[in-house]
Amino acid sequence: MDNIVLIGFMGCGKTTVGIRLSYALQRSFLDTDRQIEREQGKEIAQIFAEEGEAAFRGLETEMIAKMAEKERGRIISTGGGLPVKQENRVLLKKLGTVVYLKTTPETVYERVKDDTKRPLLQCGEPLRRIRELMAERESAYMAAADVVVSTDGKEPAEIVEEIEERIK
C-alpha cells in the first residue's frame, strides 16, 4: 500500500489534514518535522538558529530517504521547504502519492501570523515574505505533486474527502 505524502507551504494544513486523513483511512501518521525534532533532540527553530537552514535541509533529505526505504501505508506530512530540492522531489515520488495542499499567501498569513516557531517568518513583513517564498516554491510543489488540492475556504473534513476521492 502506497504512502500518501502531503506537501505545501507552511500553514496550508498538512498536519491538520494529515491527522484527519490518517483517521479516515485508518493509517498511521508521520510528520517529517516532528521526526527530525525527535531524532535531533531539538526544535526546528533551534536547528535553524544553531546549524542554519542548509543543515536542516540536509536532515530533511536524510529523513525522507530513510522513509522511502521502509515506510508503507502511512500518511506523511512534510516540511514546507522539503520539495524545493530536486533530490527530494525524486525521493517524494518513491515515497508515495504526493498531494500538494495549495493555498493563498493571505490564508497562510492568517493561519501562522502569531506562530513564533516559524523561523522563516521572523521578519518585519511576514506577508511579503510568504508571497516571495510561495512564488519561489510553486514550481517545485507542482513538479512533485501527483494531485493538487486547493485548501482555501474549505474545512479540513472537506479537504480529506477531496483527497480520498482524488487518490482512488
Side-chain angles (χ1 to χ4, degrees), residues 2-48 53 56-57 59-64 66-68 71-85 88-89 91-92 95-122 126 129-130 133-134 137-138 140-142 144-167:
D2 238 7
N3 296 305
I4 298 170
V5 185
L6 304 177
I7 66 168
F9 199 74
M10 68 179 91
C12 72
K14 296 180 300 286
T15 301
T16 301
V17 170
I19 291 168
R20 289 175 179 233
L21 189 61
S22 76
Y23 283 111
L25 298 178
Q26 298 182 334
R27 297 185 185 195
S28 59
F29 174 75
L30 280 176
D31 181 304
T32 60
D33 283 352
R34 300 300 77 80
Q35 291 291 111
I36 290 169
E37 287 178 335
R38 265 194 290 284
E39 286 187 8
Q40 298 300 308
K42 49 183 129 173
E43 292 185 349
I44 303 298
Q46 191 178 354
I47 296 169
F48 263 74
E53 184 176 359
F56 173 70
R57 299 299 175 202
L59 293 171
E60 285 183 316
T61 300
E62 290 173 25
M63 176 63 61
I64 59 167
K66 280 192 283 191
M67 287 181 165
E71 300 299 345
R72 295 290 167 260
R74 294 186 186 250
I75 308 300
I76 300 171
S77 170
T78 66
L82 188 144
V84 172
K85 282 173 69 174
N88 291 353
R89 292 193 297 273
L91 289 167
L92 286 169
L95 192 54
T97 301
V98 181
V99 178
Y100 169 25
L101 299 180
K102 186 177 171 92
T103 192
T104 63
E106 294 73 22
T107 298
V108 169
Y109 178 72
E110 284 305 312
R111 291 177 183 168
V112 303
K113 65 184 177 189
D114 298 322
D115 188 341
T116 58
K117 292 186 178 188
R118 310 261 183 189
L120 293 176
L121 296 185
Q122 303 314 305
R129 185 71 181 131
I130 290 166
L133 285 170
M134 287 179 84
R137 294 176 179 180
E138 179 66 14
Y141 292 147
M142 293 303 288
D146 296 307
V147 175
V148 179
V149 175
S150 173
T151 67
D152 286 318
K154 295 178 186 168
E155 292 297 318
E158 294 173 279
I159 299 164
V160 166
E161 201 173 293
E162 187 172 341
I163 292 169
E164 286 183 279
E165 290 170 12
R166 304 272 306 276
I167 61 172

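Note: hydrogens, waters and symmetry copies are ignored here, and every other heavy atom, side chains too, is used.
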So, taking the atom named [atom1] in [X] and the one named [atom2] in [Y], what distance separates them when rounded to the nearest 0.5 Å?
X: I4; Y: T97; atom1: CD1; atom2: OG1; answer: 6.5 Å
X: L95; Y: D2; atom1: CG; atom2: CG; answer: 8.5 Å
X: R74; Y: S28; atom1: CZ; atom2: OG; answer: 3.5 Å
X: L59; Y: E39; atom1: CG; atom2: CD; answer: 8.5 Å
X: E162; Y: L101; atom1: CD; atom2: CG; answer: 9.5 Å
X: D33; Y: M63; atom1: CG; atom2: CE; answer: 9.5 Å

How close do [X] and [Y] get, heavy atom to heavy atom, and via which atoms?
X: E60; Y: G79; result: OE2-CA, 3.9 Å
X: I130; Y: Y109; result: CD1-CA, 3.7 Å
X: M134; Y: T103; result: CE-O, 3.0 Å
X: A140; Y: P83; result: CB-O, 3.5 Å

I'd like to know if the side chain of [X] reaches the main chain of [Y], judged simply by a donor and an acceptor atom lying under 3.5 Å from each other, with no hydrogens or angles considered.
X: D152; Y: T104; value: yes
X: R166; Y: V147; value: no
X: E37; Y: K42; value: no
X: E158; Y: E155; value: yes
X: N3; Y: G73; value: yes

### Message
I'd like to know if K66 pairs up with E71 as an ion pair, taking the criterion as any Lys NZ or Arg NE/NH1/NH2 lying under 4.0 Å from an Asp or Glu carboxylate oxygen.
### Response
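Answer for the salt bridge query: no.
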
### Message
The test is side chain to side chain contact (heavy atoms under 4.5 Å, CB included); show your working for K102 and V149 and say whether it passes.
### Response
CA-CA 6 Å; K102 186 177 171 92; V149 175; over 6 Å; no

### Query
What residues, two or more places apart in sequence or in another chain, satisfy ring-ring contact (aromatic ring centres under 6.0 Å, His included) together with F29?
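Not a single residue meets the ring-ring contact (aromatic ring centres under 6.0 Å, His included) criterion with F29.
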
Could you check whether any side-chain heavy atom of [X] comes within less than 4.5 Å of a side-chain heavy atom of [Y], counting everything from C-beta outward?
X: N88; Y: I64; result: yes
X: S77; Y: L30; result: no
X: I76; Y: M67; result: yes

#### Entry: Whether over 12 other heavy atoms sit under 6.0 Å from Q35 CD
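Buried by this count: over 12 neighbours within 6.0 Å.
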
### Task
For the residue pair K85 and T61, confirm or rule out a side-chain donor-acceptor distance under 3.5 Å.
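K85 vs T61: donor-acceptor pair found between side chains.
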
### Task
Take M142 and Y100, measure what side chain to side chain contact (heavy atoms under 4.5 Å, CB included) needs, and give me the verdict at the end.
CA-CA 7 Å; M142 293 303 288; Y100 169 25; 3.6 Å; yes

Report all side-chain donor-acceptor pairs from residues 6-21 shorter than 3.5 Å, counting only partners two or more places apart or in another chain.
unit_1, atom_1, unit_2, atom_2, d
K14, NZ, G8, O, 2.8
K14, NZ, F9, O, 3.2
T15, OG1, D31, OD2, 3.1

